[in-house]
J.: 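There's a structure below that I have some questions on.
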Amino acid sequence: MDNVISLEYLFHKRLFNVPDYQRGYAWGREQITDFLDDLDILSPGRFHYTGTVVLHRRADKPEVEDEGGNTYSHLDVVDGQQRLTTIVLLLDEIQKALRDPDAAVVPPLALGISRNYIAATDPNGQLIRKLTLNRDTKSFFQSYILDGDHAFQASNAAHMRLRDAQSQIRNHIYQHISGLDGTERIDWLRDFQAKVTQRLGFTQFIVDDEAEVGVIFEVMNDRGKLLTDLEKVKNYLLYVGSTVGFDNPIADEVNEAWSHIFGQLMSAGLTRPDYEDQLLRVHWLSHYNPQKKNWEGAKSIRQRFDLRAYRDRGQDLVRDVLEYTRTLRACVVPLCDAYQPQRQSAFAAFHSGPAKSGAVAWGTRLRRTNTLATFLPLLLAVRARWPEDAATYLEFVRLSEVFAFRVYRFIGARADYGESALYRLAHNVARGTESFEGAMGRFKLELYSRCSDEKFHVALSEGNELIQAAYGKRYLRYFLYEYETHLADTKKTEPRVSWEEIQREDLRDTIEHVLPQTIDGQRYWRSRFCDHGGEVHERYKHDLGNLTLTKWNPHYGNKSFPEKRGSLGQETEYCYAKAPFFSEQELAGWSDWEPSSIDQRRENLLAWAKERWRVDFSGITKQSPEEEPPDDESEEDQDSGD
């Protein structure tokens, strides 16, 4: 371990390379703000300790000579890449700020910063980059960040963080130098670069032994600050490829696969780490082990490809890692399609036609149930097994939606009820041990055993608490929106209010009680729903037949039905007749609203629901699992499971 050194000493005659097994750039606004604040308050003559940099000396790479005869050695950055990347980015912005775009001569200080910390030049005029990032970010860092080629677009989260870091640093510099005259401006920039290059302190640790690098890598991977499981898996697989002892394609395949994965997730807007975790999880459940209790994130992959288990079996290790990489890569597009079925590029592998349109429509419905996570392993397994068969996928995603509504939304089973059976089915489909007919039969059996037609129809019957007290139940808004979609279909059009718009609003603002919840002092309502004990009003106010979607709930209040119903010719805008929902317009066709009206509307809705979520169970051997109690959460308390 050497003593604390300056950046100037650290960079002297060295070229730094971030290995591919390292993560991409991970610093965000908070870390950069802290770093810049530390520099701003650094007093003259003071030294700021910045931390340890762990480097691996690359004896296998020949030294490089620049045009001035200086030679440079190669070192891999094992730890400290985030700080070094940010510092190089900062120095690059300082040297750019020093340049006068109208001057013919570049200031010597700008040239010195560029040559010592950004890029030197070899005898042939080619750039010698002082810091080269891993493959995921190398080209973007060099082209967009350092060279200013903005035609090079960001394609993953690390790119966006680099771009944001550059913008934040540039703004910080210009806030300090704006308003300064030429000499003051140069003096401030000169002092600022001196803080960075001479008064930041580093402890460097040089590693020569490959085995020692591996130990340090494992410790860093487990520490994992800002490192997602998907990044950990990538890094570990690249490390595995580097230890096999013979040339192999692991590095190329893994880098290309992860570049594809990050690009697909980004293009679908699935940039949160939990989507990366979900990809790893559902791929593991469907392709490797369907028992979710055995899933431990990146640790499971490290255990599966433990180097000790493959001792003297290098070829087997390479084969298995490549198979894992190939199948994981193949899962990302189906995962994006499942989460974002309405995006323009969704289901690109399917030929255009009714089956593809159906996959989009039913995939969208399944997303709205907030239970997608339960069905993801099976849907991804179906795409892996029959990648271009839109009709097969449509069958599975349609039954998934029915399963989701009947079991989780309507009867209110807990989120993990039946998961194990569905994961085993997904595993069998992915392995190819289950035919389409067998898999569909098993899927239907799992639904039947948890919510048979008899159980579903009993739950849909008059007097059942789910129907009689429907307000606030987890199924209600989805049920009513599906009914709205049904009415739109009969008119050969689309709903006028989007599901997303409904979801954004509070439940109280989107559900209208035709018979108001409070009828005190309202003669119209009291004459129809008030007995001496108030039981009739209490019985009907939250009944499914009395509820509808609306955007105008605050305007209706406890007005009489004729006032709420309104007419197309009246001046007042807020009435059922003029409402954007077809279900409200349908209510405008009723002449009066009394108990028999609610009874009749409920009967109509339940008849529609029995047909809407109907399943043909013929041909399956019916059985019932051990009973698992339903969870009695309201709609607002339901965990999405996504």
Side-chain angles (χ1 to χ4, degrees), residues 18-28 31 54 56 76-83 85 133-138 156-161 210-244 250-266 270-289 292 294-310 317-318 320-329 331-332 335:
V18 177
D20 284 343
Y21 61 75
Q22 295 282 20
R23 59 180 163 171
Y25 187 69
W27 272 20
Q31 289 92 346
V54 181
H56 173 220
D76 282 352
V77 183
V78 182
D79 193 18
Q81 62 137 320
Q82 306 297 332
R83 278 165 288 151
T85 303
L133 301 190
N134 65 5
R135 191 179 307 195
D136 282 348
T137 47
K138 172 183 175 181
N156 60 47
H159 292 177
M160 291 190 290
R161 286 191 285 266
E210 286 277 1
E212 194 172 358
V213 172
V215 172
I216 294 171
F217 166 75
E218 282 295 309
V219 172
M220 290 167 50
N221 228 14
D222 287 335
R223 184 181 64 198
K225 183 179 180 182
L226 294 177
L227 198 62
T228 68
D229 267 10
L230 187 59
E231 290 170 320
K232 287 181 182 180
V233 170
K234 174 198 171 187
N235 296 352
Y236 181 73
L237 296 182
L238 288 170
Y239 176 66
V240 167
S242 71
T243 64
V244 172
I250 286 180
D252 288 341
E253 293 295 328
V254 168
N255 278 308
E256 290 177 11
W258 259 254
S259 177
H260 174 76
I261 288 168
F262 285 130
Q264 290 296 324
L265 291 173
M266 183 176 175
L270 308 179
T271 55
R272 296 198 316 263
D274 51 322
Y275 290 114
E276 298 179 9
D277 295 341
Q278 191 71 286
L279 173 64
L280 287 173
R281 176 179 175 270
V282 296
H283 170 256
W284 181 263
L285 291 170
S286 59
H287 286 74
Y288 284 85
N289 188 333
K292 68 174 184 177
N294 294 331
W295 171 243
E296 298 182 89
K299 183 179 178 181
S300 293
I301 284 83
R302 289 205 301 270
Q303 290 174 343
R304 173 63 180 78
F305 301 108
D306 191 326
L307 294 174
R308 292 167 295 184
Y310 282 92
L317 177 59
V318 170
D320 292 349
V321 167
L322 292 178
E323 175 65 12
Y324 175 85
T325 302
R326 181 190 65 79
T327 55
L328 181 68
R329 173 178 176 150
C331 278
V332 67
L335 179 119

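Only a predicted model underlies this, so the values are computations on that prediction, with no experimental measurement involved.
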J.: Measuring only between side-chain heavy atoms, which start at C-beta, is L328 closer than 4.5 Å to W284?
T.: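 No, side chains not in contact.
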
J.: Are Y324 and H287 near enough that their ring centres are under 6.0 Å apart?
T.: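 When the ring centroids of Y324 and H287 are compared, they turn out to be at least 6.0 Å apart.
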
J.: Drop me the distance from Q278's CD to H283's NE2, to the nearest 0.5 angstrom.
T.: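 So the gap between those two atoms works out to 13.5 Å.
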
J.: Look at the rings of Y25 and W27 and say which category their plane angle falls in: under 30° parallel, 30 to 60° tilted, over 60° perpendicular.
T.: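 Because their plane-to-plane angle lies in the 30° to 60° range, the rings of Y25 and W27 count as tilted.
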
J.: What closest approach, in Å, do G24 and E231 show between heavy atoms, and which atom pair accounts for it?
T.: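 Closest heavy-atom pair between G24 and E231: N-OE2, 4.3 Å.
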
J.: As an exercise, state the distance from CD of Q303 to CZ of R308, rounded to the nearest 0.5 Å.
T.: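 Answer rounded to 0.5 Å: 9.5 Å.
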
J.: Check step by step if side chain to side chain contact (heavy atoms under 4.5 Å, CB included) holds for V54 and V77.
T.: CA-CA 6 Å; V54 181; V77 183; over 6 Å; no

J.: Show the nearest heavy-atom pair for residues N134 and P19, with the distance to one decimal.
T.: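 For N134 versus P19, the nearest heavy atoms are CB-O, 3.4 Å.
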
J.: Considering all heavy atoms of both residues, which atom of D306 and which atom of Y236 are nearest to each other, and what is their separation?
T.: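 Reported closest heavy-atom pair: CA-OH, 3.8 Å.
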
J.: Hey, does the side chain of Q31 reach the backbone of G28 with a donor-acceptor pair shorter than 3.5 angstrom?
T.: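 Confirmed, Q31 side chain pairs with G28 backbone.
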
J.: What I want to check is whether the side chains of E253 and T325 have a donor and an acceptor closer together than 3.5 Å.
T.: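 Side chains of E253 and T325: no pair found under 3.5 Å.
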
J.: Check H159 against N156 and note the closest heavy-atom contact, atom names and distance.
T.: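 That would be N-OD1, 2.9 Å.
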
J.: For V254, which of L238, N235, V233 qualifies under side chain to side chain contact (heavy atoms under 4.5 Å, CB included)?
T.: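 Checked L238, N235, V233 against V254; only one passes side chain to side chain contact (heavy atoms under 4.5 Å, CB included): L238.
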
J.: Any chance you could lay out the side chain to side chain contact (heavy atoms under 4.5 Å, CB included) test for N294 and S300, step after step, and finish with the verdict?
T.: CA-CA 8 Å; N294 294 331; S300 293; over 6 Å; no

J.: Hey, what do you get for CG (D229) to NZ (K299), rounding to the nearest 0.5 Å?
T.: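 So the CG of D229 and the NZ of K299 are separated by 12.0 Å.
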
J.: Do side-chain atoms of W258 reach the backbone of R329 as a donor and acceptor pair under 3.5 angstrom?
T.: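 Not at all, since once roles are kept as given, no pair shorter than 3.5 Å links the two residues.
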
J.: Any ion pair linking R326 and E323 (charged N to carboxylate O, less than 4.0 Å)?
T.: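 Yes, charged N to carboxylate O under 4.0 Å.
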
J.: Does any non-hydrogen side-chain atom of V332 lie less than 4.5 Å from one of F262?
T.: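 SC-SC contact between F262 and V332 ruled out.
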
J.: Run the numbers on S259 and E256 for side-chain hydrogen bond (donor to acceptor under 3.5 Å, both in side chains), then give the verdict.
T.: CA-CA 5 Å; S259 177; E256 290 177 11; over 6 Å; no

J.: Would you give the length of the straight line joining atom OH of Y275 to atom CG of L230, rounded to the nearest 0.5 angstrom?
T.: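 Answer for the OH-CG pair, Y275 versus L230, is 15.0 Å.
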
J.: Between D136 and K234, does any side-chain N to carboxylate O distance fall below 4.0 Å?
T.: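 A salt bridge links D136 with K234.
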
J.: Looking at CD of Q82 and CZ of R161, how far apart are the two atoms once the value is rounded to the nearest 0.5 Å?
T.: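 Taking CD in Q82 and CZ in R161, the distance rounds to 8.0 Å.
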
J.: Kindly say whether L285 contributes a backbone atom to a donor-acceptor pair with the side chain of N289 at under 3.5 angstrom?
T.: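 Here the side-chain-to-backbone pair does not exist.
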
J.: For T137 and A158, which heavy atoms make the closest approach, and how far apart are they?
T.: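 Heavy atoms only, the tightest pair is CG2-CB, 3.5 Å.
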
J.: I need the L317 CG to L307 CG distance, nearest 0.5 Å.
T.: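 Nearest 0.5 Å value for the CG-CG distance: 6.5 Å.
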
